[in-house]
Amino acid sequence: MRVHRIGLAHWQAGARLRSWGVAALHRAGDQWLAPCGADEALWLGFWQDEEDGPGAEVQLHDHAHGRSAGIVLPPDFQLTALRGADGTAHAIALPAPRYELRLSAGGVRCLLALQLQAPADWARTAGRAAPPALAGPPPLPPRYA
């Protein structure tokens, strides 16, 4: 799993999103903290090794607002939005409560807590520099030779 950053103005529900950079994670007690600026959204990327077999499932829940999302690997690999009870898509962005992340594969299940924090708050908690603010247009996709 990797947590990726994207400019909130470039986030689109249902679209395959490009990464503007990886969000550093910090473990604090029983939760993982991720920095997220006010003008950013995050998306979660999941990949599995061939030997892991098919059928891994990922679910993200925002119980405070009644929003959730889920994907199955393969074919999916990006979790980019949460859906509310009315079906409206919402970015994974601030202000955000604590998210519940459920992973399951091959009969093994894992439950993680993910909390988004403003970069300055994350830096104080993590004891390291926050990632630089996103600037400019989205980065160009890599060139394949």
Side-chain angles (χ1 to χ4, degrees), residues 1-49 52 54-105 108-145:
M1 175 183 96
R2 289 185 90 176
V3 179
H4 295 266
R5 303 166 65 203
I6 187 169
L8 189 55
H10 293 270
W11 174 84
Q12 294 178 21
R16 183 165 285 185
L17 302 178
R18 289 199 320 240
S19 178
W20 287 30
V22 176
L25 294 175
H26 176 75
R27 185 172 178 195
D30 67 345
Q31 62 184 344
W32 290 95
L33 308 176
C36 185
D39 56 351
E40 298 179 19
L42 301 179
W43 62 267
L44 288 70
F46 299 88
W47 297 267
Q48 63 184 124
D49 294 327
D52 290 341
E57 294 183 34
V58 179
Q59 295 179 341
L60 185 65
H61 299 277
D62 169 357
H63 293 293
H65 296 101
R67 300 172 183 162
S68 63
I71 59 173
V72 175
L73 283 68
D76 295 322
F77 74 94
Q78 283 189 331
L79 201 152
T80 61
L82 297 164
R83 298 265 177 205
D86 63 356
T88 303
H90 300 271
I92 302 168
L94 290 173
R98 181 177 153 179
Y99 292 109
E100 180 183 274
L101 180 62
R102 295 180 188 182
L103 310 168
S104 62
V108 177
R109 295 177 185 218
C110 178
L111 180 63
L112 303 171
L114 177 65
Q115 175 68 50
L116 307 188
Q117 290 188 314
D121 295 335
W122 182 89
R124 277 191 294 278
T125 303
R128 53 188 165 146
L134 297 178
L140 296 174
R143 278 183 58 169
Y144 296 101

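Values below: all heavy atoms of this structure, side chains included; hydrogens, waters and symmetry mates excluded.
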Side-chain contact, heavy-atom cut-off 4.5 Å: R109 with R102? no
Atom pair CG/CD of D76 and E57 - distance to nearest 0.5 Å: 11.0 Å
Okay, side chain of D86, backbone of T88: is any donor-acceptor separation there less than 3.5 Å? yes
Residue pair C36 / P119: nearest heavy atoms and the distance that separates them: O-CD, 3.5 Å
Looking at W11 and L17, would you say the former's side chain and the latter's main chain have a donor-acceptor pair under 3.5 Å? no
Looking at every non-hydrogen atom in both residues, tell me the closest pair between A89 and R83 and how far apart they are. CB-NH1, 3.3 Å
Test side-chain contact (heavy atoms from CB on, under 4.5 Å) applied to Q78 and F46, step by step: CA-CA 6 Å; Q78 283 189 331; F46 299 88; over 6 Å; no
Spell out, as yes or no, whether a donor-acceptor pair under 3.5 Å connects the side chain of E100 to the backbone of L60. no
Between Q31 and R98, is a side-chain contact (heavy atoms from CB on, under 4.5 Å) present by the stated rule, with each step listed? CA-CA 9 Å; Q31 62 184 344; R98 181 177 153 179; 3.7 Å; yes
For A91 and L8, the nearest pair of non-hydrogen atoms, with its separation, is CB-CD1, 3.9 Å
Should the heavy atoms of other residues, nucleotides or ligands under 6.0 Å from CZ of R2 be counted, would the total exceed 12? no
For A69 and A81, work out which heavy atoms get closest and say how close. CB-O, 3.0 Å
Drop me the distance from I6's CD1 to Q12's CD, to the nearest 0.5 angstrom. 8.0 Å
If every non-hydrogen atom of A41 is compared with every non-hydrogen atom of A93, which pair is closest and at what distance? CA-CB, 4.2 Å
Quick one: does W32's side chain get under 4.5 Å of V3's, heavy atoms only? no
Please list all pairs passing the side-chain hydrogen bond (donor to acceptor under 3.5 Å, both in side chains) test where one or both residues lie in residues 117-135, with sequence neighbours left out. D121-R124
To the nearest 0.5 Å, atom CG of L42 lies from atom OG of S19 at 10.0 Å
Separation between CG (L134) and CD (E40), nearest 0.5 Å, reads 4.0 Å
Shortest non-hydrogen contact between L114 and A34, atoms and distance: CD1-CB, 4.2 Å
To the nearest 0.5 angstrom, please state how far the CH2 atom of W43 sits from the CD1 atom of I92. 10.5 Å
Run M1 and L101 through side-chain contact (heavy atoms from CB on, under 4.5 Å) and show every step you take. CA-CA 11 Å; M1 175 183 96; L101 180 62; 3.4 Å; yes
From CD (Q59) to CG (L82), nearest 0.5 Å: 12.0 Å
Exam field: side chain R27 to backbone G29, donor-acceptor pair closer than 3.5 Å: yes
Pairs involving residues 56-80, ordered by first then second residue, that meet ring pair (Phe, Tyr, Trp, His ring centres under 6.0 Å) (sequence neighbours left out): W47-F77, H61-H63
